[in-house]
Protein chains: 2
Amino acid sequence: MTTDGDGRLEAALDLLRARGGRVTSARRAVLSALLEHQEHASAEALAEVVHASHPDVHLSTVYRTLDAFEQLGVVTHVHLGHGRAIYHLTDEIHHHAVCERCGAVVQLPLALFAQLHHRLLDDFGFEVDAHHFALVGRCARCLGGTGATGDRPLATADGEDRRSLARRPASGASP
Amino acid sequence: MTTDGDGRLEAALDLLRARGGRVTSARRAVLSALLEHQEHASAEALAEVVHASHPDVHLSTVYRTLDAFEQLGVVTHVHLGHGRAIYHLTDEIHHHAVCERCGAVVQLPLALFAQLHHRLLDDFGFEVDAHHFALVGRCARCLGGTGATGDRPLATADGEDRRSLARRPASGASP
DNA sequence: CTGGCTGCAAATTATTTGCATAATC
DNA sequence: GATTATGCAAATAATTTGCAGCCAG
């Protein structure tokens, strides 16, 4: 079977229309770019994809479109680092752990957070939507290679995120 | 006993000096402001405190100073929302949960995250420094009042963070 | 038609940086 | 007296917004 991307696209557009919004080629293109995009997509990255077929869709329109779909609950954005936000479809929610050394992004199933979720709710009355921000740390690879299951080629960041978390290594190190 | 703030201040300054840095009144003032500041302090908030006694310490100096101490491991910064970062001393590390409705910030002991920490390490080889980003959700108060321990006056945000997470309620609501 | 989109440019916000001068070690 | 810090202003970076025209419904 082909991906059900088309179905999801149409469903989102229908919802948009149902709420009084208008389906434009720009919006269709942005949503489509989001569906295609396997990696974590920043607004700018999406704009680039969109530009391939629709060169004059402005970046601000991409932001506005993402915002519109976010209002509809179709899209969510997450902060992986100090820089840009990344966007994905709401039905693909998961946690993110970003390696502060190499920038690799690891996707984590929500299930891992179940216990934390409960304890926060019970002990603090706080209900987390925990996916909004990424966790920061060191990935298996950067920890030294002897990590437990650390031989998979962990998801790599776009290469754009790489600098987000890395501050300058040391202050007065070089001669 | 009085707070050991003075001791901590001197210790940090000593470390700075030991690393070839210079102890200036600006740096002393910033660090001091950080020690005084009970609440979560943004660079701008710290600058304001500093300005009380040193009116011409520039905001950029505050940033540079915070950065310098961060290199020394004395200071850490955390992101509570979409906006500014907040700074605190490394020895006061804890997690933050921010209510996306009222902006309240709840401090959480690191212990809560122990299990998650282990599972991430075991299953994904990922070692979290999880405090870098806040968790987002709803505080007891905003959940409806019937929350478990939800009768304490949860820590309130500065009032500056309040807008950080709240996007516009709806798109086409107003005439 | 008509109000919701869009492109564009300009505004914001948070933070960083180049440079000449001032202060510390 | 040699560096390191500072103030200032100007540069970034990511995102937002005002406005006049365009387009879907």
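Every chain is numbered from 1, with letters handed out A, B, ... down the list of sequences. None of the values given here were measured: they were computed from a predicted structure.
Under the 4.5 Å side-chain criterion, counting only non-hydrogen atoms from C-beta, A:V75 is in contact with A:L89. In this structure the side chain of A:L112 reaches within 4.5 angstrom of the side chain of B:F124, judged on heavy atoms. Residues B:Q115 and A:R119 fail the side-chain proximity criterion, which asks for heavy atoms closer than 4.5 Å. Residues A:H40 and A:V78 are not in side-chain contact: their nearest non-hydrogen atoms beyond the backbone lie 4.5 Å or more apart.
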Please enumerate all protein N or O atoms sitting under 3.5 Å from an N or O of nucleotides 23-25 of chain C, with distances to 0.1 Å.
from   : atom 1 : to    : atom 2 : distance (Å)
C:dT24 : O2     : B:R22 : NH1    : 2.7
C:dC25 : OP1    : B:V23 : N      : 3.3

Tabulate atom names and distances for all N/O pairs under 3.5 angstrom spanning the protein and nucleotides 18-21 of chain C.
from   : atom 1 : to    : atom 2 : distance (Å)
C:dG18 : O6     : B:R64 : NH1    : 3.3

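Heavy-atom minimum distance, A:V136 versus B:F126: C-CE2, 4.1 Å. Shown here for B:A26 and B:T61, the closest heavy-atom pair between the two residues is CB-CG2, 4.0 Å.
A tilted orientation is assigned to the rings of B:H82 and A:H79, their planes being inclined by 30° to 60°.
Taking the ring centroids of A:H95 and A:F113, they lie under the 6.0 Å cut-off.
Look at CD on B:Q71: it is 15 Å from C1' on D:dA5, rounded to the nearest Å. Residue B:L59 contributes atom CG, which lies 9 Å from atom C1' of C:dA14 at whole-angstrom precision. A straight line from NE2 of B:H82 to C1' of C:dT15 spans 18 Å, rounded to a whole angstrom. Between the P atom of D:dT15 and the CZ atom of B:R84 lies a distance of 17 Å, rounded to the nearest Å. As rounded to whole Å, 13 Å separates atom P of D:dT6 from atom CZ of B:R28. Remark: C1' of C:dT13 and NE2 of A:H79 are 14 Å apart, rounded to the nearest angstrom. Put simply, CZ on A:R27 is 10 Å from P on D:dG25, counting in whole angstrom units. Here C:dA22 presents its P atom at 20 Å from NE2 of B:H54, a figure rounded to the nearest Å.
Looking at heavy-atom distances under 4.0 Å, A:A85 makes contact with sugar-phosphate atoms alone, never a base.
With hydrogens and angles disregarded, a donor-acceptor distance shorter than 3.5 Å links the side chain of A:H51 to the backbone of A:V57.
Distances shorter than 4.0 Å separate none of the side-chain N or O atoms of B:Y63 from OP1 or OP2 on C:dT16.
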